[in-house]
Amino acid sequence: MIDFNFDTSENTLNFHFKGRLDTENSRNISNEIEEHIGDYIISDNEKPLKIVFDIKEVDYVASAFIRICIKAAREVDQDNFALRNSSPMIKKIFKIAGLAEVLNVS
Amino acid sequence: MENIEQRADDILLKSVISAAEFQQLDQEATDKIVESVFKAGFANRVKLAKMAQEETDIGVWEHKVLKNVLATQMVYGNIKNEKTVGVINNDELQGIVEIAQPLGPIFAIIPVTNPTSTILFKVLIALKTRNPVIVSPPRKAVNVCTETVKICYEAALAAGAPEDCIQIIHDGSRDLTHAIMAHKNLALTLATGGTGMVHAAYSSGNPAIGVGPGNVPVFIDKSADIPFAVENIIASKTFDNGTICASEQSVVVEKEISKLVIEEFEKQNCYFANVNQTKRLEDYLIVKDKGSMNPEVVGKPPQFIADKAGIDIPEGTKIILAQPEGVGEEFPLSKEILTTFLAFYVCDDYSSAIKTCIDLNFLGGIGHTAAIYANEEKVINEFSLIMNAGRIVVNSPSSQGAVGGLYNTLHTSLTLGCGTGGKNITTENISAHHLLNVQRVCRRKENTHWFKFNLENYFDESIDTDTLLKTYYKNY
């Protein structure tokens, strides 16, 4: 199972994940993430959108989740997307995929 | 060109993301995927063999079934208990721990002669080592390769494999193939096929394990059981109508036993062409301008060859043999011809027979495979020491012997290393362990000689080598 919640602060959408982001779980949350991002864009905020994925307590990421990250990052400027609090193993996963810098993984 | 590069980028992006997910799987999860793919491939062995034969018009479907069995059951038997994830070896005495890391995306080039079996084999060894695969099918076998990949991929996904762990490029142009081979995100090309393609893989700037052509001589020694030898050679050369690159190309015998060997081949339904027929065979089997085998003849039965060459052969002929006058470019029938044809050489004595085998071995087949039938250990040893071949197959069919698992204990493989002679890094039968980066954790185990030795001695040129070494290796 995956625990997933969402909050906003100013112009930043914060997504918090906990657990295993395998293929099935990633697909289950994919639409919801897209909707939150879509809502912000439609609301026509003046400030540029920032998206933060907090993966502090995530111990597995499937390629489906990596694709969610790529898609979300494409909605904003490169500097305005970040993956925060990754474990060393998850950091390595994004390095292997060649996406650690593009997705601002820390 | 931009489009090609974009396509290569897209394919490799999927593959590296798959590699990233794969990295997180443990041995148990990995083995579950491999077992699932093995079972699916094995269950479809007949369907895929028939499809391959129909689409390519090469070989014999029943033999392709057996190749699929080799590539699944035998390969799986070899690798299923192998440790390929995490710590794979711990030598406490030496203080060395070995850890297996995957390589990353692997590009699998598939030959038209063995399309389904080569895919099954390469996919199994790649998944066992947590590496995603991109399959490049031959133009004449795209449909059956697509079906094979589909079967493997669905089985892999059902067992929890990462998405895109197996991809296929359906319309692989030469440009796209080269773009993938040279892509920065590719880890390795596993190239099985013609010399040009293998050379392209090696020239790409990325690591490659490539296996090119062979030109397998088989020497029947005086000490051999002649009927047994002939029976085995026929079984090997007729297997899938001679499509395996490890199949015998030339039989070499001494004059002393040549009559017996010829009679035995004839007795076992093989046909020796006369001088006129030999010329016709030469004109048909070899493309004159290129000096290489006519692609149309690959994996064809003897009657097909006879009809096309315009010669009469007895009904039920298993193999056509001819006696070229020598070995080399000017004698085209001495080259590799992957069909139901064998060159036959009668030599004056043992020494000239071995020299003929050397000539054949070096004519496009260096490093690949050689075969011998003998019951004298001395002869087997002499032959083995002088041949330059990754596999010297003894008293066994060369095709089925070289691929391992049936007639010997070699690793079962559809990719046979040919050493530096074949521009390969290894002479081994390629298997899962070749697809790992093994990293070694080295605990402190001091070299007592080094730490006892006065290192200042190394800077003193007046001390001679023997004295230095004696001091260094002193037993305290």
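Each chain gets a letter, A, B and so on, in the order the sequences are listed, and its residues count up from 1.
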Which residues satisfy the side-chain hydrogen bond (donor to acceptor under 3.5 Å, both in side chains) test with B:Thr415, sequence neighbours excluded?
B:Thr192

Checking A:Lys71 now: which residues fulfil salt bridge (charged side-chain N to carboxylate O under 4.0 Å, His left out) with it, not counting sequence neighbours?
A:Glu34

Between A:Val61 and B:Gln24, does a side-chain contact (heavy atoms from CB on, under 4.5 Å) hold up when you go through it step by step?
CA-CA 8 Å; A:Val61 293; B:Gln24 300 163 94; 4.0 Å; yes

Give, as side chain, backbone, both or neither, the part of A:Asp22 having an atom under 4.5 angstrom from any heavy atom of chain B.
neither

Using heavy atoms and a sub-4.5 Å threshold, report which of residues 79-90 of chain A line up against chain B, by residue number.
A:Met89, A:Ile90

Run the numbers on A:Arg67 and B:Asp164 for side-chain contact (heavy atoms from CB on, under 4.5 Å), then give the verdict.
CA-CA 12 Å; A:Arg67 280 196 291 274; B:Asp164 301 315; 3.5 Å; yes

Assess whether atom CD of A:Glu10 is packed by more than 12 heavy atoms of other residues, nucleotides or ligands within 6.0 Å.
no

Check whether B:Asn185 gets within reach of chain A through its side chain, its backbone, both or neither, counting any heavy atom under 4.5 Å.
neither

Within the supplied structure, the quantity of interest is the number of heavy atoms (other residues, nucleotides, ligands) at a distance under 6.0 Å from B:Ile425 CD1; does it exceed 12?
no

Would you call B:Glu21 and A:Phe65 a side-chain contact if the rule is heavy atoms closer than 4.5 Å?
no

Applying a criterion of heavy atom separation less than 4.5 Å, what residues of residues 93-106 of chain A form contacts with chain B?
A:Ile93, A:Ile96, A:Ala97, A:Leu99

Taking NE2 in A:His36 as the centre, count heavy atoms belonging to other residues, nucleotides or ligands within less than 6.0 Å. Is the count above 12?
yes

